[in-house]
Chemist: 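Quick one: this structure, given as structure tokens, is what I'll be asking you about.
Numbering of ligands and ligand atoms starts at 1, following listing order. Computed from heavy atoms alone, side chains included, the values below leave out hydrogens, waters and symmetry copies.
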Amino acid sequence: MIKIHHLEHSRSQRILWLLEELSIPYEIVHYSRDPETMLAPDSLREVHPLGKSPVLEEDGIIVAETGAIIEYVIEQHGGGHLKPPPGSAEARAWTYWMHYAEGSAMTPLLMKLVFQRLPQNANPLMRPLVKGIASKAEEGFVDPRLKEHIHFWDSSLAQTGWFAGSTFSAADIIMSFPLEAAADRAGADKYANITAFLERIHARPAYQAALKKGGPYAYA
Ligand SMILES: N[C@@H](CCC(=O)N[C@@H](CS)C(=O)NCC(=O)O)C(=O)O
């Protein structure tokens with residue numbers, strides 16, 4: 001049976017959701033974050049050297065990286081679901097989003113999170129200075145980049161409401177995390193197509209079932 005090494009409050013939630021959408025039985029190994037550092041416990045490094053979640057395990061096969069896990073599941077167990085027909089324009093879009101979500105969209109979001117947390121981790125005497133530098137970097141560099149990405153998502157969703165063609169697919173699953181995070185901390189909730197997308201995915205029974213099984217999930 002598929003085993004998912006799942007860290008609370010994390011991107012890993014998408015894999016549980018994918019498996020629920022496909023009605024594939026799976027087992028979850030739960031990991032909690034360190035309450036101070038928010039990092040994963042060292043025990044995850046015994047599963048994969050980088051100690052990040054998600055990691056999929058099946059019959060001795062270990063697969064890390066959300067996109068690679070999604071492709072593995074679709075290929076091995078998808079039965080033709082959640083991926084457009086090979087060779088179609090929709091399939092090319094699907095592959096694009098599969099790489100873009102973690103390769104491009106998450107970069108400015110992660111930078112924003114780092115700059116937001118910098119002042120609170122600084123020496124109290126240095127805090128005002130660090131805060132000033134962090135705000136400058138956020139406003140001058142990160143926020144404009146992030147805005148471009150958010151506009152891009154909103155206009156991509158304008159046509160059909162989904163990322164790869166006219167129906168729901170695993171491209172929507174991988175894109176859910178950047179959109180959720182950006183709605184929470186970067187103003188993406190002010191964009192109509194993004195908000196409608198988030199409402200639609202959150203209402204899906206498989207999304208709800210995955211949330212119940214996965215435990216705490218605050219993507220901020
Ligand atoms: N691009 C990787 C990112 C993996 C990743 O950074 N996972 C986070 C969860 S959101 C994690 O494990 N963080 C805990 C840590 O860094 O210790 C993927 O999509 O699988």
Chemist: Who pairs with H149 by side-chain hydrogen bond (donor to acceptor under 3.5 Å, both in side chains), at least two apart in sequence or on another chain?
Modeler: Y100
Chemist: Starting from L7, walk the hydrophobic network (Ile, Leu, Val, Met, Phe, Trp, Tyr; side-chain heavy atoms closer than 4.5 Å) and list everyone else you reach, by chain and number.
Modeler: V29, Y31, L44, V47, V55, I62
Chemist: If you count only heavy atoms, which residues are under 4.0 Å from ligand 1?
Modeler: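 Shell around ligand 1 (4.0 Å, heavy atoms): L7, S10, R11, R33, L39, A40, K52, S53, P54, E65, T66, E102.
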Chemist: Relative to W17, does R204 satisfy both conditions: NZ or CZ under 6.0 angstrom from the six-membered ring centre, and within 45 degrees of the ring's axis?
Modeler: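 R204 over W17 ring: no.
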Chemist: Not counting sequence neighbours, which residues clear side chain to side chain contact (heavy atoms under 4.5 Å, CB included) with Q159? List them please.
Modeler: none
Chemist: Under 6.0 Å from the ring centre and within 45 degrees of the ring axis: does the NZ or CZ of R92 meet both conditions for the six-membered ring of Y96?
Modeler: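 No; the conditions do not both hold, so R92 does not lie above the ring face of Y96.
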Chemist: Measure the acute angle between the ring planes of H151 and Y191, then classify it against the limits of 30° and 60° as parallel, tilted or perpendicular.
Modeler: perpendicular
